[in-house]
J.: 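Sharing a structure here in structure tokens format.
This one's a predicted model, so the numbers in the text were calculated from it and none came from an experiment.
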Amino acid sequence: MPLRLIFMGTPDFSVPTLLELVAHRHEIAAVYTRAPKPGGRRGLQLQPTQVEEAARKLGVPVLTPKTLKTPEALEEFRAFDADAAVVVAYGMILPQAILDAPKLGCYNLHASLLPRWRGAAPINRAIMAGDAESGVMVMKMDVGLDTGDVAMAERLAITDNMTALDLHDRLSRLGADLMVRAMAALARGGLQLKQQSEDGVTYAAKIDKAEARIDWTRPAREVLRHIHGLSPFPGAWAELENARVKILRCELAKGTGAPGEVLDDHLTIACGEGAIRLIELQREGKARMQAADFLRGVPLKTGAKFT
């Protein structure tokens with residue numbers, strides 16, 4: 001039985017879930033997303049979110065309130081008479097009155113294996129911490145930070161060659177399928193909820209650009225995971241000949257040397273233990289490029305150093 005839903009989301013991570021809910025004949029009464037922000041080449045044109053763009057194509061009403069804490073916002077939300085709300089990376093706190101408004105509750109798709117990595121940047125933090133796996137979970141929301149009861153989950157292995165973007169895209173698709181299955185179970189009264197454990201709670205703090213500089217004294221795998229966890233944004237970086245270079249993709253390699261030292265003509269760089277080989281880079285003010293193209297523009301001799 002299809003449900004009447006309010007969908008709340010903002011970035012491209014959210015879009016597959018919206019599209020899958022529509023494809024499975026759920027009625028989307030309204031879409032809530034963040035307000036357009038200035039963008040474009042000169043930063044003057046208002047850019048709608050990816051979710052708003054998708055919703056407009058579907059012909060669904062779009063709302064972009066600055067807050068949900070006013071009586072007017074609550075009245076407007078209640079007026080949609082939704083069975084449930086689906087929340088995917090919306091980016092705004094839902095007060096208790098909003099959580100209580102849909103008949104069957106509000107359900108969030110979170111990109112981690114809760115209670116690990118509650119908070120803003122679970123995909124980045126899982127890679128940077130060297131986690132062996134990640135996943136997505138459907139959670140019935142409460143007023144806490146990702147503390148609600150969990151309904152369903154899917155797991156996904158994290159490999160050393162995965163960047164944050166790679167994991168983001170795979171979890172987005174996996175999460176869309178999971179939420180559709182959760183809403184089907186909710187519609188037939190069979191969605192079971194389980195309280196989160198308080199053991200193993202970690203918090204995925206928002207990424208600070210100050211974290212992005214590469215520490216070559218760390219072991220090679222830690223350097224690789226740091227680089228991949230910040231790729232493509234904000235991008236882990238190092239200095240080379242007094243210029244900043246972002247490193248976007250790399251692989252483990254053999255070799256030893258002083259941390260940051262270029263070991264060969266294939267961009268193998270020494271770490272505190274072991275080495276990595278650079279695959280994709282981006283010079284400041286330039287487009288991203290493969291290592292071979294980078295070397296054609298910046299010939300490096302063995303012994304040069306990234307700092």
Side-chain angles (χ1 to χ4, degrees), residues 2-40 45-66 68 77 80 82-94 98 102 106-112 117 119-124 126-127 134-139 141 146 151-154 156 162-184 186-187 204 206-207 231-234:
L3 294 172
R4 181 173 169 84
L5 302 173
I6 291 173
F7 185 86
M8 311 178 82
T10 294
D12 57 347
F13 183 86
S14 316
V15 173
T17 302
L18 172 60
L19 298 180
E20 282 297 301
L21 289 169
V22 171
H24 283 77
R25 302 185 182 280
H26 292 290
E27 179 187 359
I28 308 300
V31 165
Y32 279 67
T33 189
R34 301 302 297 270
K37 291 184 177 180
Q45 186 176 357
L46 289 178
Q47 301 290 317
T49 69
Q50 290 95 330
V51 164
E52 179 172 350
E53 290 179 342
R56 297 290 185 196
K57 291 177 182 177
L58 294 169
V60 177
V62 176
L63 293 90
T64 59
K66 293 182 179 179
L68 295 172
F77 191 88
F80 289 111
D83 296 313
V86 170
V87 183
V88 186
Y90 178 43
M92 189 181 293
I93 299 296
L94 273 59
I98 292 288
C106 299
Y107 295 85
N108 175 248
L109 180 70
H110 186 74
S112 83
W117 302 129
I123 292 174
N124 308 84
I127 294 175
S134 181
V136 281
M137 284 188 158
V138 172
M139 168 187 62
M141 298 176 71
D146 300 325
M152 301 172 72
E154 286 285 354
L156 181 68
M162 274 188 184
T163 66
L165 180 59
D166 296 333
L167 184 56
H168 166 283
D169 289 351
R170 292 188 64 179
L171 291 180
S172 178
R173 295 190 296 270
L174 194 65
D177 177 71
L178 186 68
M179 183 59 79
V180 164
R181 288 189 279 129
M183 290 300 100
L186 182 66
K206 186 177 179 180
I207 299 296
S231 177
F233 184 82

J.: Less than 3.5 Å apart, any donor N or O on the side chain of Asp169 or Ser172 sitting next to an acceptor on the other?
T.: no
J.: Can you tell if the side chain of Phe77 reaches within under 4.5 Å of the side chain of Leu63, non-hydrogen atoms only?
T.: no
J.: Taking C-beta and beyond as the side chain, do Ile98 and Met92 meet within less than 4.5 Å on heavy atoms?
T.: no
J.: Hey, does Ser134 have a side-chain heavy atom less than 4.5 Å from the side chain of Leu171?
T.: yes
J.: Going from CH2 on Trp117 to NE2 on His110, what distance comes out if it is rounded to the nearest 0.5 angstrom?
T.: 10.5 Å
J.: Considering only NZ, NE, NH1 and NH2 on the basic side and carboxylate oxygens on the acidic side, decide whether Arg56 and Glu52 come within less than 4.0 Å.
T.: yes
J.: Nearest 0.5 angstrom please: Asn108 CG to Tyr90 OH, how far?
T.: 13.0 Å
J.: Let me have the donor-acceptor pairs involving side chains of residues 176-183, under 3.5 Å, with sequence neighbours excluded, atom names and distances please.
T.:
residue : atom : partner : partner atom : Å
Asp177  : OD2  : Arg181  : NE           : 3.0
Asp177  : OD2  : Arg181  : NH2          : 3.3
Arg181  : NH2  : Glu154  : OE2          : 2.6

J.: Would you say that His26 contacts Val86 through its side chain, given a criterion of any heavy-atom pair below 4.5 Å between the two side chains?
T.: no
J.: When you compare the side chain of Leu19 with that of Leu58, does any pair of heavy atoms fall below 4.5 Å?
T.: yes
J.: Quick check: closest heavy atoms across Pro36 and Thr64, and the distance to 0.1 Å?
T.: CD-CG2, 4.4 Å
J.: What are the two closest heavy atoms between His168 and Phe13, and how far apart are they?
T.: NE2-CB, 3.4 Å
J.: So how far is it from Leu167 CG to Met162 CE, rounded to the nearest 0.5 Å?
T.: 6.0 Å
J.: Tell me the closest heavy-atom pair linking Ala54 and Leu18, and the distance in Å.
T.: CB-CD2, 4.2 Å
